Novice: 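This is the structure I have questions about; it appears just below.
Source: prediction; values computed, not measured. Quick note: numbers below take in every heavy atom, side chains included, and nothing from hydrogens, waters or symmetry partners. Each residue takes its place number in the sequence, starting with 1.
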Amino acid sequence: MKKYSQQLSAISIFTGLFVLITFGNFVFAQSDDELALMEAAFNQDQESGAQDQLGQACQNHMDSKGWQPVQTNKRGEEEYYIIGVGSVLAPIDSPAFVDSLQNGGVKALLNAKTNFAKTLSQEVTSDIISEVKSQYSEGKKPDLLQSEDVQVEGKSYEELSSYEKMKLLVTQQLDKLIDPETKQQFNDANEADEQAAEAAVRKLEDILNQETFQDTITVKSTADIRGMIVKFGQFTAVPKRGKSAEVCIVAKWSPGLVRMADAIATNDFSVLQNRKKKSSLRAQLPDPKDFKGFMQLIGSFGVFNMLDQNGDVNLVSFAVAGMKTKSAASEASARRVAELKANRQIIQVLNEHVDLYSKTSTVESATEYKNGLTDYYTEQKDQSRAAASANATMSGIQTLFTYKGNHLLNRKPMVGVVTYYNAASGKGAKKAQDILAKAPEKTSDEEEETSSTYDATAPQDKAGLSTGAGYGDDDEDDNF
């Protein structure tokens, strides 16, 4: 009997497993069909670029280079790679588009520095409130008996005081002066308010369950950042895919780059020289007269660390500015603006104070009524403020070259400037300052007059002539 029971139990187990597997295969078949549809939609999103996030080009570049957000270099020191993104606010066809593009590069660098500041330290305040309310009632609410202590007292007209009779008289005369239309409007307004209040009360009485959730996060961060440079910059605008213009950069910080920045700030030129020799800066940079070179230059943002033919460390800065017209004055103004912004970026490498404040809040609620309906409500608010300031005196910044052309997207005229600093230029500027600081000396007893003239009426020649990049070696950034 015991053996028969065991056989029966085994048969039952196998039967149950068979039913379970059969049912499971049926469910999995349905799930596989649904997953196939999901996968097809996923692949379509990939092909259309719907999955590309802000700064996707820079993330792709980091992946191709094998850069990690934090990694250890050959010196055994930690180095950081940070992505920054900046929006381009001007429409593509605007004459101010190139200026907005440059602003996008500035915002991208600021974004990278605030992201790094948050890595260093951040003060986070979190407030969360979750509340659930439920009410239920059944039957008729009983009338409350009036308390015996409550008594209604009244006075006859003869019992009124003179003051009370005066108030009654004033009220009577005012009622006579106010026209019936005004009285009706007043009564209608009161009636509407009462009806609205009653409707609100009824709606509250109809609520069965209500759940609310509030989440508020505040972040504050501040840091003084020295030595952050750009390793890669990219400009992206694909209107056909609905992707607005943006600038992204990959910035780098390491203790070695801090030592480089400190050496520049203190004019310690020995630290900045006698390194690995490369070709000249001009040979390493794109040619603006070549289409691909021009495309690379308009996609270059920020300051890069490069070595030259003498083995000197160079900070090379890129900036652009738009020309509002094709006049010489507009070109000169645009070049001056671009040069100022390029020089400012070199100053920012030495030291920059960064402040970040951001706050995000979310509110959502679900209300269930007695009739079975449910209302859902949500509200989200997000605000962020980033500020940066830098101040330094620096000698030796020079312009490497400038270029001019029409931007490839909107054919609007623009000017680009590439400036640089190295130990040789710093030394030269210091020597020139020392020479100019001396009192003037007489060099010759002979006097010579020179003059030049030109013909202002002579005919003038009126014929018009005229993406992303990374520079520098990765291994040379930290040899300080």
Novice: Any heavy-atom pair between the side chains of Tyr81 and Lys231 that's under 4.5 Å?
Specialist: yes
Novice: May I ask you to decide if the ring planes of Phe232 and His61 are parallel, tilted or perpendicular, using 30° and 60° as cut-offs?
Specialist: parallel
Novice: Working to the nearest 0.5 angstrom, can you tell me the gap between Leu101 CG and Leu89 CG?
Specialist: 11.5 Å
Novice: To the nearest 0.5 angstrom, please state how far the CD atom of Gln348 sits from the CD1 atom of Ile229.
Specialist: 14.0 Å
Novice: Leu109 versus Ile249: any side-chain heavy-atom pair under 4.5 Å?
Specialist: yes
Novice: Partners of Asn343 by side chain to side chain donor-acceptor pair (under 3.5 Å), sequence neighbours excluded?
Specialist: Thr419
Novice: Going by heavy atoms in the side chains, are Ile298 and Met414 under 4.5 Å from each other?
Specialist: yes
Novice: Applying ring-ring contact (aromatic ring centres under 6.0 Å, His included) as the test, list every pair that has at least one member in residues 101-135; sequence neighbours left out.
Specialist: Tyr80-Phe116, Phe116-Trp253
Novice: Below 4.0 angstrom, N of the basic side chain to O of the carboxylate: do Arg226 and Asp262 qualify?
Specialist: yes
Novice: Flag the pair Glu352 / Lys113 as yes when at least one side-chain heavy-atom distance between them is below 4.5 Å, and no otherwise.
Specialist: yes
Novice: Can you list every pair that meets side chain to side chain donor-acceptor pair (under 3.5 Å) and has a residue in residues 123-134, with sequence neighbours left out?
Specialist: Ser134-Asn209
Novice: So Val354 and Thr222, do their side chains get closer than 4.5 Å, heavy atoms only?
Specialist: no
Novice: For residues 210-219, which side-chain N or O atoms pair as donor and acceptor with protein atoms under 3.5 Å away, sequence neighbours left out?
Specialist:
unit_1	atom_1	unit_2	atom_2	d
Gln210	NE2	Thr367	OG1	3.0

Novice: To the nearest 0.5 Å, tell me how far Leu307 CG sits from Asn305 CG.
Specialist: 6.5 Å
Novice: What's the spacing between Thr114 OG1 and Ile225 CD1 if we round to 0.5 Å?
Specialist: 8.0 Å
Novice: Quick one: CG on Asn115 to NZ on Lys118, what's the gap to the nearest 0.5 Å?
Specialist: 5.0 Å
Novice: For Asn111 versus Val85, what's the shortest heavy-atom pair and its separation?
Specialist: OD1-N, 2.9 Å
Novice: Flag the pair Glu339 and Arg335 as a salt bridge only when some basic side-chain nitrogen lies within less than 4.0 angstrom of an acidic carboxylate oxygen.
Specialist: no
Novice: Give every residue pair that meets the ring-ring contact (aromatic ring centres under 6.0 Å, His included) criterion with at least one member in residues 332-354, sequence neighbours excluded.
Specialist: none
Novice: Could you pull out the closest heavy-atom pair between Asn351 and Ala390, with the gap in Å?
Specialist: O-CB, 3.4 Å
Novice: Compare all side-chain heavy atoms of Asp382 with those of Lys359 and state whether any distance is below 4.5 angstrom.
Specialist: no
Novice: Return the minimal non-hydrogen interatomic distance between Tyr403 and Pro288, and the atom names on each side.
Specialist: CB-CB, 3.5 Å
Novice: Quick one about Ser317 and Gln345 (side-chain donor to acceptor, distance below 3.5 Å, no hydrogens or angles considered), yes or no?
Specialist: yes
Novice: Just to verify, what does Asn103 make a side chain to side chain donor-acceptor pair (under 3.5 Å) with, not counting sequence neighbours?
Specialist: Lys341
Novice: By ring pair (Phe, Tyr, Trp, His ring centres under 6.0 Å), which residues pair with Phe301, not counting sequence neighbours?
Specialist: none
Novice: Go through the steps to decide whether Ser87 and Lys107 satisfy the test side-chain contact (heavy atoms from CB on, under 4.5 Å), and finish with yes or no.
Specialist: CA-CA 7 Å; Ser87 58; Lys107 288 186 284 187; 3.2 Å; yes
Novice: For Gly105 and Val247, work out which heavy atoms get closest and say how close.
Specialist: CA-CG1, 3.7 Å
Novice: Quick one, Val415 with Val337, criterion side-chain contact (heavy atoms from CB on, under 4.5 Å). Give me CA distance, side-chain angles, the key distance, then yes/no.
Specialist: CA-CA 9 Å; Val415 169; Val337 170; over 6 Å; no
Novice: Once salt bridge (charged side-chain N to carboxylate O under 4.0 Å, His left out) is applied, what residue pairs with a partner in residues 83-102 remain, sequence neighbours excluded?
Specialist: Asp99-Lys324
Novice: Thr236: what forms a side chain to side chain contact (heavy atoms under 4.5 Å, CB included) with it, not counting sequence neighbours?
Specialist: Ala57, Gln234, Val238, Lys243, Glu246
Novice: What residue pairs, at least two apart or across chains, pass salt bridge (charged side-chain N to carboxylate O under 4.0 Å, His left out) with a residue in residues 407-417?
Specialist: none
Novice: Of all the heavy-atom pairs spanning Ala265 and Leu350, show the shortest one and how long it is.
Specialist: N-CD2, 4.3 Å
Novice: Do Val349 and Ile347 pass the side-chain contact (heavy atoms from CB on, under 4.5 Å) test, and can you show the C-alpha distance, the side-chain angles, and the key distance before you say yes or no?
Specialist: CA-CA 5 Å; Val349 174; Ile347 295 293; over 6 Å; no
Novice: Report the C-alpha separation of Glu79 and Gln71 in whole Å, then their side-chain angles, then the decisive distance to 0.1 Å, and conclude whether the side-chain hydrogen bond (donor to acceptor under 3.5 Å, both in side chains) test is met.
Specialist: CA-CA 6 Å; Glu79 57 186 20; Gln71 62 187 39; 2.9 Å; yes
Novice: Under the ring-ring contact (aromatic ring centres under 6.0 Å, His included) test against Phe318, which residue among Phe304, Phe235, Phe401 passes?
Specialist: Phe304
Novice: Check the pair Tyr377 / Glu364 against side-chain hydrogen bond (donor to acceptor under 3.5 Å, both in side chains), numbers first and verdict last.
Specialist: CA-CA 5 Å; Tyr377 171 79; Glu364 67 173 351; over 6 Å; no
Novice: Which residue pairs pass the disulfide (SG to SG under 2.5 Å) test when at least one of the two sits in residues 331-382, sequence neighbours left out?
Specialist: none
Novice: Of all the heavy-atom pairs spanning Ser384 and Leu356, show the shortest one and how long it is.
Specialist: OG-CD1, 3.9 Å
Novice: Is there side-chain contact between Lys289 and Phe294, with at least one heavy-atom pair below 4.5 Å?
Specialist: no
Novice: Rounded to the nearest 0.5 Å, how far apart are CD of Glu77 and CG of Leu257?
Specialist: 10.0 Å
Novice: Run the ring pair (Phe, Tyr, Trp, His ring centres under 6.0 Å) test against Tyr421 and tell me which residues pass, sequence neighbours left out.
Specialist: none
Novice: More than 12 non-hydrogen atoms from neighbouring residues, nucleotides or ligands closer than 6.0 Å to CD on Glu379, yes or no?
Specialist: yes
